[in-house]
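Reminder, nothing fancy here: chain letters follow the sequence lines and each chain counts from 1.
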Amino acid sequence: MLMFPTLNEQMDLIRSGAVEIIPEDELIKKIEVSIKKNKPLIIKLGCDPSKPDLHIGHAVVLHKMRQFQDLGHHAILIIGDFTGMIGDPTGKNVTRPHLTLEETRINGQTYLEQATMILSKDRLEVRYNSEWLGEMSFRDVIELSAKYTVAQLLERDDFNIRYKSGQPISVHELLYPLAQAMDSAAINSDVELGGTDQKFNLLVGREIQKAYGTEPQVILTMPLLEGTDGVEKMSKSYNNYIAFNDTPRDMFGKVMSIPDNMILRFFRYGARGTEKDIKEMEEQLKSDSFNPRDAKVRTAKQIVAIYHGVEAGENALAEFEKIFKNKDVPDEIEEMRLDVESQVQPLMDVLVLTSLAPSKKEAKRLIEQGGVTVDGERIGDFRAEIDLSKERLIKVGKRKFLKVSGNLIDKINGKMYQ
RNA sequence: GGGUAGGUACCGAAGCGGUUAAACGGGGCAGACUGUAAAUCUGCUGAGCUCAGCUCUACGGAGGUUCGAAUCCUUCCCUGCCCA
């Protein structure tokens, strides 16, 4: 038999880090009923499978979902395979390309794999919204859209801005919030989680649930974590993200690159810092004798540990110190063998063939700017050649390392020598 | 349906017949510096080559005028706004 923590215990944990809970008293009531009837709440989190690469910004809300699971509630992850075909309006004036159902399905699977790095697999249900949205007839859609008005939809900030500034809004984009709201009605969610940018959509869910005669969900919003630049929100398009699938080394380095004033935020929302630890770090950062770098290291280690384990966090730290403090080379460097007709190759070509540079022009620039090192020796002449008969260590910029060697092949019949 | 304003490189935005691979800003990359992959400063930022030079591709698409077009003309596509 399940035992739920007390109301206060639940609320303390649920409130921590949340921006808004609307309306909070309804949540309290729901939890009270849940404890009394010993019945878990249904917690909804929708995800957009058009972008299957999760980053730490997405993690904020997943961590919250996990807390609900730990409290004994039932998590439903909705993969928006159907809505993915529409694409959530991003506020950008470009309407995004639509994906096919198959594509969104594949992405959804990838998404799930990553999400379960944070979510528990117990008390987790995964639903695809094509299940109900795909079944709706045009009549159903009209019925649904009759329950909401254009003016209400235009209240949404990004619609509003686009409308006022004369940028296009397609009708299907307007329909998106309604589709998402339909999900809530379909699964009877008690609580829906989302980033603060989702507030509008989440609230529409309440209205639509009421319109279909079910108890409205409570919405809980989490902040949007800024990216490594500390300015824009974390997003792939700003290239300021830390992906779940980043290597420990990259993850660590990226955390180390955040501005000092972001340390606490990353610690709380990215590293899952407890209230107690956050307080402690806050005090430390206030003291002059404390080096903010140490707080960053702690945050970085903890974040790496979530995705790669504690040991990986320690190793990443060691590597980082090696590369940047001691300007040394990392322990593990990727190796690559190139098929060549001659062991002596122009360095520029090698850079392009190994994808260290995207084009020969770019390779030339890198060399001329002194960004390329072979076996520790800086090469300044873009015409330089490199002998690949033994393994060479090429370094491009501060943090790209590659061991390259040549693999002689016969041009005529493609046979390998060696 | 009528009128009108637009569509420029990764993004924003100049240019409105030649000296424009296209000002400026952001972003990105490299170098110096640093606790730091932060901040700051400097440089670079379409591609290929027999590389202080040459060639090709590029200003929504397709044609045309011209010695020469992102810039002028025709036409098509896309978008905003106003009127109906």
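- Here A/K360 reaches the OP1 or OP2 of B/rC49: one of its side-chain N or O atoms lies under 4.0 Å away.
- Every pair passing salt bridge (Lys or Arg N to Asp or Glu O under 4.0 Å) that includes a residue from residues 214-226 of chain A is listed here, sequence neighbours excluded: A/K30-A/E215, A/E226-A/R265.
- Residue A/D294 is out of contact with every strand shown, counting any heavy-atom pair closer than 4.0 Å.
- The separation between A/D349 atom CG and B/rG48 atom C1' is 12 Å, rounded to whole Å.
- Applying the ring-ring contact (aromatic ring centres under 6.0 Å, His included) test to every pair with at least one member in residues 312-370 of chain A, sequence neighbours left out, gives these pairs: A/F252-A/F320, A/F320-A/F324.
- Phosphate contact (OP1/OP2 of B/rA47, side-chain N/O of A/R365, threshold under 4.0 Å): present.
- The CG atom of A/N291 sits 16 Å away from the P atom of B/rA38 (whole-angstrom rounding).
- Checking side-chain atoms of A/Q114 against main-chain N and O of A/T110 turns up a donor-acceptor pair under 3.5 Å.
- Within the nucleic acid shown, A/M348 comes within 4.0 Å of at least one base atom, counting heavy atoms only.
- Nucleic acid contact for A/G253: base, since at least one base atom lies under 4.0 Å from a heavy atom of the residue.
- Remark: A/K361 is not in phosphate contact with B/rC51, judged by side-chain N or O atoms under 4.0 Å from OP1 or OP2.
- Ring geometry, A/F200 versus A/Y148: the interplanar angle exceeds 60°, so the pair is classed perpendicular (tilted spans 30 to 60°).
- Here the C1' atom of nucleotide B/rU34 and the CZ atom of A/F320 are 11 Å apart, to the nearest Å.
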